[in-house]
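Below is one structure, written out as structure tokens, with a few remarks after it.
Residue numbers begin at 1 in each chain, while the letters A, B, ... track the order of the sequences. Not measured: the values here are computed from a predicted model.
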Amino acid sequence: MNPLVCYQTVAVLLLGLGFYALVARRTLVGMLIGVELMLNGAGLSIVAAAQLTPTDAILGQLGALLVMGLAAAEATLVLAIVLIVSKRFGDAAADGPRELRG
Amino acid sequence: MARLSDISVLGQIAFAIYALIILFGGGMAVISRSLVRAMVGLVISLFGVAGMYLLLLADFVALMQILIYVGAVSVLIFFAIMLTRASADGGEGDGPGKRGLLRAIPAFLVPTALMVIMLSVYGVKGAGTPKNISVNALGAGLLGPYTLPFELISVVLLAAIVGAVLLTFEKRGVN
């Protein structure tokens with residue numbers, strides 16, 4: 001197995017673990033943890049592909065930094081949304097806001 | 001020649017150790033019944049990914065991984081756990097349940113199996129050693145050809161901050 005495939009396999013495993021958490025968790029915070037795992041897999045995949053192939057390596061590293069910035073922004077917004085949901089529904093379970101009510 | 005192969009074996013051992021750290025932390029983050037333990041697992045996994053960045057000679061990205069993810073994002077999620085938690089386990093004490101597992105195990109297996117097969121059949125054969133890019137070159141890239149994403153991410157962060165403040169802002173007199 002060549003190095004690039006090894007790194008990409010680890011990235012795919014991170015994606016799968018994050019997706020599992022996104023589906024299996026009951027609370028919004030648990031789902032957020034899954035999303036962070038998936039974003040980490042994406043960053044690892046981007047950097048590995050840029051560092052081990054003839055692609056522009058600067059583009060890959062800056063892309064990974066962009067993913068990190070987006071993850072930080074997303075975590076901030078999700079924190080605010082989780083706060084509102086827990087204030088309105090009592091806890092941060094994901095099936096609380098499932099039904100639409102007027 | 002012998003020395004080069006020694007270094008390559010050391011690299012493989014380090015890769016295996018980091019992969020084990022990532023899998024252990026990720027598994028803990030996914031199946032732990034307590035949200036705080038899941039968060040600690042996520043932090044362990046993030047450190048493992050930072051180690052992989054170091055192996056890929058992307059030292060600046062590894063540093064930023066520790067600064068941004070371990071330093072900032074995980075603290076944010078800890079705040080979310082702290083501010084919302086109704087019970088000691090944060091609402092995850094019952095586990096995913098039978099229907100949850102029925103949905104979640106295919107959600108893990110399908111993308112993983114598909115993409116691992118795709119990788120092993122169509123995977124590109126990359127170079128053996130990663131490229132070495134200095135931080136100076138990264139900064140020149142940010143101020144040169146990649147200025148637009150650099151400015152856009154600052155706008156996105158500003159919008160996220162303003163949105164978070166607006167969402168949690170309580171109007172005086174409403175409550």
Side-chain angles (χ1 to χ4, degrees), chain A residues 2-10 12-17 19-27 29-30 32-34 36-37 40 43-44 47-48 51-54 57-59 61-62 64-66 68-84 86 90-93, chain B residues 15 19 22-23 26 29-30 35 38-39 42 45-46 49 52-53 56-58 61 64 68 72-73 76-77 79-81 83-84 86 90-92 96 100 103-104 107-108 111-112 115-116 119 123-128 130-131 133 137-138 141-142 146 149 153 156-157 160-161 163-164 167-168:
Chain A
N2 66 77
L4 183 57
V5 173
C6 293
Y7 285 108
Q8 301 285 20
T9 311
V10 173
V12 167
L13 281 177
L14 274 174
L15 168 84
L17 281 174
F19 206 48
Y20 178 91
L22 190 64
V23 176
R25 285 290 186 191
R26 284 172 190 269
T27 59
V29 180
L32 176 62
I33 291 176
E36 297 297 337
L37 277 177
N40 258 280
L44 183 61
V47 172
Q51 292 288 99
L52 293 174
T53 56
I58 297 176
L59 176 64
Q61 299 201 12
L62 292 182
L65 287 179
L66 192 81
M68 283 182 203
L70 284 180
E74 168 256 349
T76 317
L77 276 181
V78 171
L79 171 62
I81 293 171
V82 165
L83 275 187
I84 292 178
S86 73
D91 61 350
Chain B
F15 179 87
I22 289 176
L23 282 186
V30 164
L35 271 186
M39 204 46 231
L42 176 65
S45 177
L46 295 179
V49 175
M52 288 225 163
Y53 285 148
L56 282 167
L57 282 186
V61 182
M64 285 303 116
I68 298 179
V73 173
L76 262 183
I77 303 179
F79 264 110
I81 297 174
L83 290 176
T84 63
E92 294 279 357
R103 280 174 297 178
F108 171 70
T112 320
M115 294 183 76
V116 167
L119 269 178
V124 184
K125 187 162 167 44
K131 287 171 279 189
I133 300 291
L138 281 182
L142 270 185
Y146 305 116
I153 193 71
V156 168
L157 281 173
I161 295 169
L167 277 176
T168 50

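- In this structure, the portion of A/Ile84 lying under 4.5 Å from any heavy atom of chain B is its side chain and not its backbone.
- When heavy atoms are compared at a cutoff of 4.5 Å, A/Val10 approaches chain B solely by way of its side chain, counted from C-beta outward.
- Contact detail for A/Ala73 and B/Leu157: the closest heavy-atom pair is CB-CD2, 3.9 Å.
- Under the 4.5 Å side-chain criterion, counting only non-hydrogen atoms from C-beta, A/Leu32 is not in contact with A/Arg25.
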Item to check | Chi angles and distances behind the side chain to side chain contact (heavy atoms under 4.5 Å, CB included) call for B/Val61, A/Met68 | outcome: CA-CA 9 Å; B/Val61 182; A/Met68 283 182 203; 3.7 Å; yes
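- Using a 4.5 Å cut-off between heavy atoms, B/Thr112 touches chain A through backbone and side chain atoms alike.
- Contacts between B/Ala72 and chain A at a heavy-atom distance below 4.5 Å are absent for every atom of the residue.
- The distance from the CE atom of B/Met39 to the CD1 atom of B/Ile81 is 6.0 Å, given to the nearest 0.5 Å.
- Heavy-atom distances place the side chain of B/Ile68, and not its backbone, under 4.5 Å from chain A.
- For A/Leu17, the parts lying near chain B are the backbone and the side chain together; criterion is any non-hydrogen pair under 4.5 Å.
- Contact of B/Leu167 with chain A is made through backbone and side chain together, with heavy-atom distances under 4.5 Å.
- For A/Ala75, the parts sitting under 4.5 Å from any heavy atom of chain B are the backbone and the side chain alike.
- With chain B as the partner, the residue from A/Leu65, A/Leu4, A/Thr76, A/Ile33 showing the most heavy-atom pairs under 4.5 Å is A/Ile33.
- Residues meeting the ring pair (Phe, Tyr, Trp, His ring centres under 6.0 Å) test with B/Phe15, sequence neighbours left out: A/Tyr7.
- When the candidates A/Val23, A/Leu13, A/Asn40 are compared by the number of heavy-atom contacts under 4.5 Å with chain B, A/Asn40 comes out ahead.
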Checklist entry - Which is it for B/Phe108 and B/Val30 under the side chain to side chain contact (heavy atoms under 4.5 Å, CB included) test, yes or no, and what are the steps along the way? => result CA-CA 11 Å; B/Phe108 171 70; B/Val30 164; over 6 Å; no
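- Put simply, of A/Thr53, A/Leu62, A/Leu79, A/Leu37, the one with the most heavy-atom pairs under 4.5 Å next to chain B is A/Leu62.
- Annotation: maximal heavy-atom pairing with chain A below 4.5 Å, among B/Val73, B/Thr168, B/Val116, B/Leu56, occurs at B/Leu56.
- Among the candidates A/Val78, A/Leu59, A/Ile81, the residue making the largest number of heavy-atom pairs closer than 4.5 Å to chain B is A/Leu59.
- When atom types are taken as modelled, the side chain of A/Tyr20 and the backbone of B/Ala107 share no donor-acceptor pair closer than 3.5 angstrom.
- A pairwise comparison of heavy atoms in A/Ala21 and A/Gly30 identifies CB-O, 4.4 Å as the closest pair.
- One distance of note links CG of A/Leu66 with CD1 of B/Ile153; it measures 4.5 Å at 0.5 Å rounding.
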